[in-house]
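Just so you know, ligand 1 is whichever comes first in the structure, and atom 1 is the first atom listed for that ligand. Atoms considered below: every heavy atom in the structure, side chains included; atoms not considered: hydrogens, waters and symmetry mates.
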Amino acid sequence: MLTKIINQANIDLFGEWLKETEKIVIVTHVSPDGDAMGSSLGLYHFLISQNKTVNIIVPNAFPEFLKWMPGAKNIMLYDKSKEIADKLIADADMICCLDFNGLKRIEGMGNAVKEAKARKVMVDHHPFPDDICSIVMSHPEISSTSELVFRLISRLGYFDEITKEGAECIYTGMMTDTGSFTYNSNSQEIYYIISQLISKGIDKDDINRNVYNTYSECRLRLMGYVLHTKMKVYPEHHAAMISLTQDELKEFSYVKGDSEGFVNIPLSIKDVKFSVFFREDTDMIKISLRSVGEFPCNKFASEFFGGGGHLNASGGEFYGTMQEAIDTFEQALDKYKPLLTTNN
Ligand code: 5GP
Ligand code: MN
């Protein structure tokens, strides 16, 4: 029923490797989001059903609103358990790299993964994958890595082995990487897959509540402050920008995840089609970029902020002061003005 997106040779080879594999490590990108977690845990639940020894190792903490995910408690944080993690990575027979396209995206873990003797597999939907895995299932046309994990398991002939827990994780990733199916979500097959996941007993309404309606009071007040005071709109550029310094974050008792989704809000203003959010971290400024339509966030992110990502959702970093970051952004906006003001 589903189009065969992943090529057969990759499916066959992965199936063969699986038979010869005992110890598997799953890794995903720094500051794991819903899709990083959903794809990793979705694959994890399947692999443990096949009696494999599986460890998910992520570079650093994931947000509070994903802690309910089945299996999340078993995830190892590399920055907290480096020694054990290094050993698991070095001893693995197979390493599955999910939802990232280059070692830079797993930060401190990069070297351990690079040096590991394990067979390496990439399942991802970011463009331009680096040459770090022998099997590369890279499909930027698919809106989430979690969807790719569903396709992979199904094509291997194991749809029946997908558990309710695994289905919940896959659904979470599909939902979060499409903004609850409001962008990158016009493929009919997404909805076919959702119906398949519902057949496993998931409650998609519950998942939506777990992810989006369990925030703290502090987050809501921070959001109010951002929208009232910190959002700058550039009508002539069809763009908007939000910035938050460490001092401001502290004032609102910020915890990781509290600013999740802020970058999307300005896109609800008529004619704004590009939105950027700067959040001051301890050693750099983290940047999130979002667009609607054809405007290439990833090109903008890579040209000015050493980053990348998807056409409509990208990220990057800036090493300098907040003011310098904003100045860079405003100059970049002028450069990109023709592109922002065409295809209206
Ligand atoms: P977010 O804004 O949610 O952190 O990231 C949005 C998208 O951009 C994600 O698909 C993520 O993989 C990508 N991304 C975020 N930060 C970076 C970065 O520093 N470098 C690159 N290459 N991609 C990033
Ligand atoms: Mn993703």
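- Among all non-hydrogen protein atoms, the one lying nearest atom 19 (O) of ligand 1 is K286 NZ, 3.1 Å.
- Classification of the F159-F150 ring pair by plane angle, with boundaries at 30° and 60°, yields perpendicular.
- Every residue two or more places apart in sequence or in another chain was checked for a side-chain hydrogen bond (donor to acceptor under 3.5 Å, both in side chains) with Y158, and none qualifies.
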Could you go through residues 104-118 and list every donor-acceptor pair under 3.5 Å that involves a side-chain atom there, pairing it with any protein atom two or more places apart or in another chain?
unit_1 : atom_1 : unit_2 : atom_2 : d
K104   : NZ     : G306   : O      : 3.0
K117   : NZ     : A90    : O      : 3.0

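- Proximity to S288 (heavy-atom distance under 4.0 Å) selects the following atoms of ligand 1: 1 (P), 2 (O), 4 (O).
- Under the 30°/60° scheme for interplanar angles, the aromatic rings of F274 and F329 are found to be tilted.
- Taking the six-membered ring where the residue is Trp, Y336 and F304 present perpendicular rings, their angle passing 60° and hence far from 30°.
- When heavy-atom distances to ligand 1 are checked against a 4.0 Å cut-off, H126 comes that close only through its side chain, counted from C-beta outward.
- The shortest N/O to N/O separation between I287 and ligand 1 does not fall below 3.5 Å.
- Its side chain within the 4.5 Å cluster rule, Y254 clusters with L222, M223, Y225, V226, L227, M231, V233, I242, L244, L249, F252, F262, V263, I265, L267, I269, V272, F277, V292 among the Ile, Leu, Val, Met, Phe, Trp and Tyr residues.
- Nearest protein heavy-atom neighbour of atom 20 (N) of ligand 1: G307 CA, 3.6 Å.
- Here the shortest heavy-atom pairing between G257 and R219 reads O-NH1, 3.9 Å.
- For the Mn ion (ligand 2), the count of nearby protein N/O/S atoms, taking only those under 2.8 Å, is 4.
- A 4.5 Å side-chain heavy-atom check between I95 and R119 finds every atom pair outside the cut-off.
- Annotation for ligand 1: atoms under 4.0 Å from non-hydrogen atoms of H310 are 10 (O).
- Using a 4.0 Å cut-off between charged nitrogen and carboxylate oxygen, D205 and R209 do not count as a salt-bridge pair.
- Inclusion of G308 in the set of residues having an N or O under 3.5 Å from an N or O of ligand 1 is warranted.
- Of the charged side-chain nitrogens involved, none lies within less than 4.0 Å of a carboxylate oxygen, so that K256 and E64 do not count as a salt-bridged pair.
- What sits closest to atom 5 (O) of ligand 1 on the protein, heavy atoms only, is S314 O, 4.1 Å.
- In this structure, the protein non-hydrogen atom closest to atom 15 (C) of ligand 1 is G315 CA, 3.3 Å.
- The heavy atom nearest to atom 7 (C) of ligand 1, considering only C297, G309, G102, A313, is found in A313.
- The shortest contact between atom 3 (O) of ligand 1 and any protein heavy atom is with R290 NH2, 2.9 Å.
- Residue-ligand proximity: R105 is placed with a non-hydrogen atom under 4.0 Å from ligand 1.
- By the 3.5 Å distance cut-off applied to N or O atoms, K104 is not counted among the residues near ligand 1.
- Q196 and Y192 share a donor-acceptor pair across their side chains, judged by distance under 3.5 Å alone.
- A salt bridge links E217 with R221: the distance from a Lys NZ or Arg NE/NH1/NH2 to an Asp or Glu carboxylate oxygen falls below 4.0 Å.
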